[in-house]
Amino acid sequence: MLTAFVRDGSVEHPAVFETFARRLPEGRRYGVVAGLGRLAPMLADFRFDPAEVDWLRAQDVVDDATAAWLRAFRFTGDVDAYPEGDLYFPGSPVLTVRGTLGECVMLETLVLSVLNHDSAVASAAARMVLAAGGRPLVEMGSRRTQEEAAVAAARAAHLAGFASTSNLAAGFRHGVPTVGTAAHAFTLAHPSEAEAFASQVAVQGKDTTLLVDTYDVEQGIRTAVEVAGPGLGAVRIDSGDLADTAAAARALLDELGAHDTRIIATSDLDEYVITALADAPIDGYGVGTRVVTGSGHPTASMVYKLVAVGFEPGGPLHAVAKKSHDKISVGGGKTAWRTHDADGRVTREWYRVDGLTEPGATPVQVPVVRGGRLVHDPPLAEVRTHCAAALATLPEAARSVSAGRPYLTATLEGETDG
């Protein structure tokens, strides 16, 4: 495709591409935008290594003219996007890329691979955070996904409200707080549970979290308190009926005088299980497989579509759109707007293609890249705060994990320009 654009000269024609989701995963009420903080620097720094171009030419993937174009490639366009951590709905123009046809086309796979993965994780994580009702969650799914995806997933879960991660690379690269507990292998590697606990406490101190279900939970708790004393930080339960086991554990800890020792639950948790455990005496959760795989929906199903194009370099843009069954798109570059009620709840989202402003409405997109240069790069802590504020704009019914239709759908106001 790129070679054809180079040969016919359209590679330098102006173009607008947009990223959006036609629909949300079944039963979901909203999505959470994530990955922009990883994606934007990639766009600004996107280059082709000479060896890569040489290989493409040797494999006859591109011709000489296209190889020369790739060697000189720099993204010089503009990007606008929903702020990372914000909500999105079906039809929301999450990310808009403006530039030449060639440079916009080159970004499709990168844009979709980052936003689809990270938004899927953040959307699932947000549902778990709301289900937890203020109890902290630890992301611990690194062993259930690809190694680089594990780091990205830890970041996405944290911006959606997870307190920490077990992935140290995410702590190093992104500043996500890191925590961890010993594995069952640690206990099994010692002659007795008591010796394993003593070794851990000697290194980590009494505020550590001891894994008490390697053999028998009740005996494990007794041994843990015996070794660490009633000031033990926490016990972790990773098996069995978590509600019943946690209730029994709480009663036993109180009986042993460990009133402040917390109970951390793990073991295939998701938003539905966490909701079911709302009344259990659990102080925090560790979530692995379900969060890093989007809780059954490992992609946000976003697409990247051409919505406007010029037919000569520097020429005027013309709206274009797909008309195929079930894959209709709306032509024209868009601006998105929202209104809120007196309590700050979002009541409506729509977009325009005529560039007009909406009095009393709030614009959603922010400038991210201008002329190929990054202009929007908030720290992760700021993104996390923005996400919490965005989730607070949902009414209670939309915050529930119960299945339902999307809370809102972005709709068109005004007419396309052809």
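- When all heavy atoms of Pro313 and Pro14 are compared, the closest pair comes out as CA-CD, 4.2 Å.
- Atom CG of Asp86 sits about 7.5 Å away from atom OG1 of Thr393, to the nearest 0.5 Å.
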- Query: For Leu39 and Leu95, what are the C-alpha separation, side-chain angles and deciding distance, and is it a side-chain contact (heavy atoms from CB on, under 4.5 Å)?
  - Reply: CA-CA 11 Å; Leu39 174 64; Leu95 182 133; 4.0 Å; yes

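- Closest heavy-atom contact between Arg98 and Cys104: C-SG, 4.0 Å.
- Neither side chain, Ser295 nor Asp270, offers a donor N or O lying under 3.5 Å from an acceptor on the other.
- Using a distance-only test at 3.5 Å, with no hydrogens or angles considered, a donor-acceptor pair links the side chain of Thr385 to the main chain of Ala381.
- Taking the side chain as every heavy atom from C-beta outward, Tyr285 and Leu137 approach each other to under 4.5 Å.
- In this structure, the side chain of Thr100 engages the main chain of Glu103 through a donor-acceptor pair within 3.5 Å.
- Here the shortest heavy-atom pairing between Val151 and Ala169 reads CG2-CB, 3.8 Å.
- Proximity of Met140 to Val179: side-chain heavy atoms (C-beta onward) are nowhere separated by under 4.5 Å.
- Between the side chains of Thr339 and Thr347, at least one donor N or O lies within less than 3.5 Å of an accepting N or O.
- Side chain of Thr261 to backbone of Leu232: a donor-acceptor contact under 3.5 angstrom is found.
- Arg399 contributes a side-chain N or O that, together with a main-chain N or O of Leu391, makes up a donor-acceptor pair within less than 3.5 Å.
- Atom CG of residue Leu107 and atom OG1 of residue Thr19 lie 9.5 Å apart, to the nearest 0.5 angstrom.
- For the residue pair Val353 and Gly331, the shortest heavy atom distance occurs at CG1-O, 3.5 Å.
- One distance of note links CD1 of Ile274 with CD1 of Ile282; it measures 9.5 Å at 0.5 Å rounding.
- In this view, Arg22 satisfies the salt bridge (Lys or Arg N to Asp or Glu O under 4.0 Å) rule with no residue, not counting sequence neighbours.
- At least one donor-acceptor pair under 3.5 Å links the side chain of Glu84 to the backbone N or O of Leu36.
- Side-chain contact check for Met302 versus Tyr88: some heavy-atom pair is nearer than 4.5 Å.
- Between Val401 and Leu130, every side-chain heavy-atom pair lies at or beyond the 4.5 Å cut-off.
- The shortest side-chain heavy-atom distance between Leu374 and Pro41 falls under the 4.5 Å cut-off.
- Checked for salt-bridge contact, Glu358 and Arg348 miss the test: no charged N lies under 4.0 Å from a carboxylate O.
- Considering only heavy atoms from C-beta on, Val105 stays 4.5 Å or farther from Leu2 through its side chain.
- Ala67 and Val53 get closest at one heavy-atom pair: O-CG1, 3.5 Å.
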- Please test Thr178 against Thr165 for side-chain contact (heavy atoms from CB on, under 4.5 Å), starting from the C-alpha separation and ending with a verdict. CA-CA 5 Å; Thr178 58; Thr165 180; 4.1 Å; yes

- Message: Go through it in stages, so that I can follow the logic: the residues are Arg338 and Leu87, the test is side-chain contact (heavy atoms from CB on, under 4.5 Å), and I'd like the CA-CA distance, side-chain angles, deciding distance and then a yes or no.
- Response: CA-CA 11 Å; Arg338 284 185 189 154; Leu87 306 174; 4.1 Å; yes

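- Rounded to the nearest 0.5 Å, atoms OG1 (Thr299) and CG (Leu115) are 10.0 Å apart.
- Between Lys305 and Glu18, no side-chain nitrogen of the basic residue sits less than 4.0 Å from a carboxylate oxygen of the acidic one, so the salt-bridge criterion is not met.
- Asp63 meets the salt bridge (Lys or Arg N to Asp or Glu O under 4.0 Å) test with Arg7; sequence neighbours excluded.
- Sorted by first then second residue, the ring pair (Phe, Tyr, Trp, His ring centres under 6.0 Å) pairs that include residues 366-407, not counting sequence neighbours, number zero.
- When atom types are taken as modelled, the side chain of Asp341 and the backbone of Asp343 share a donor-acceptor pair closer than 3.5 angstrom.
- Applying the ring pair (Phe, Tyr, Trp, His ring centres under 6.0 Å) test to every pair with at least one member in residues 24-46, sequence neighbours left out, gives these pairs: Phe46-Phe48, Phe46-Phe73.
- Counting heavy atoms from C-beta on, the side chains of Leu269 and Leu242 come closer than 4.5 Å.
- Under the rule for a side chain to side chain contact (heavy atoms under 4.5 Å, CB included), the partners of Pro363 that lie at least two apart in sequence or sit in another chain are Trp337.
- A distance-only check finds a donor-acceptor pair linking the side chain of Asp283 to the backbone of Ile263 [under 3.5 Å].
- Residues passing the salt bridge (Lys or Arg N to Asp or Glu O under 4.0 Å) test with Arg144, sequence neighbours excluded: none.
- By the side-chain hydrogen bond (donor to acceptor under 3.5 Å, both in side chains) test, Thr3 is found to be paired with Thr66, residues two or more places apart in sequence or in another chain being considered.
- With hydrogens and angles ignored, the 3.5 Å screen pairs a side-chain donor or acceptor of Glu139 with a backbone N or O of Gly141.
- The structure places OG1 of Thr181 at 11.0 Å from CZ of Phe186, a figure rounded to the nearest 0.5 Å.
- Every residue meeting the side chain to side chain contact (heavy atoms under 4.5 Å, CB included) condition with Asp244, not counting sequence neighbours, appears here in chain and number order: Asp241.
- Atoms CZ and OG, on Phe20 and Ser92 in that order, are 11.0 Å from each other to the nearest 0.5 Å.
- A distance-only check finds no donor-acceptor pair linking the side chain of Asn167 to the backbone of Ala154 [under 3.5 Å].
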- Item | Criterion salt bridge (charged side-chain N to carboxylate O under 4.0 Å, His left out) on Arg71 and Asp54, from CA distance to verdict | CA-CA 9 Å; Arg71 290 188 179 96; Asp54 290 344; 2.9 Å; yes

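- Under the salt bridge (Lys or Arg N to Asp or Glu O under 4.0 Å) criterion, Asp238 pairs with Arg236, sequence neighbours left out.
- Few gaps surround CD on Gln59; more than 12 heavy atoms of other groups in view lie less than 6.0 Å from it.
- Taking 4.5 Å as the limit, every side-chain heavy atom of Thr209 sits out of range of all side-chain heavy atoms of Gln204.
- Listed by first and then second residue, the side-chain hydrogen bond (donor to acceptor under 3.5 Å, both in side chains) pairs involving residues 117-130 are Arg38-Asp118, Arg127-Glu271, Arg127-Tyr272 (not counting sequence neighbours).
- Applying the ring pair (Phe, Tyr, Trp, His ring centres under 6.0 Å) test to pairs two or more places apart or on separate chains, none has a residue in residues 120-174.
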- Task: Take Met106 and Leu70, measure what side-chain contact (heavy atoms from CB on, under 4.5 Å) needs, and give me the verdict at the end.
- Result: CA-CA 10 Å; Met106 294 307 301; Leu70 290 173; 4.1 Å; yes

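- Scanning for side-chain hydrogen bond (donor to acceptor under 3.5 Å, both in side chains) contacts around Ser199 gives an empty result, with sequence neighbours left out.
- Of the charged side-chain nitrogens involved, at least one lies within less than 4.0 Å of a carboxylate oxygen, so that Asp354 and Arg352 count as a salt-bridged pair.
- Between the side chain of Arg74 and the backbone N or O of Arg47, no donor-acceptor pair lies under 3.5 Å.
- Considering all non-hydrogen atoms of both residues, Val32 and Cys387 come closest at CG1-SG, 3.9 Å.
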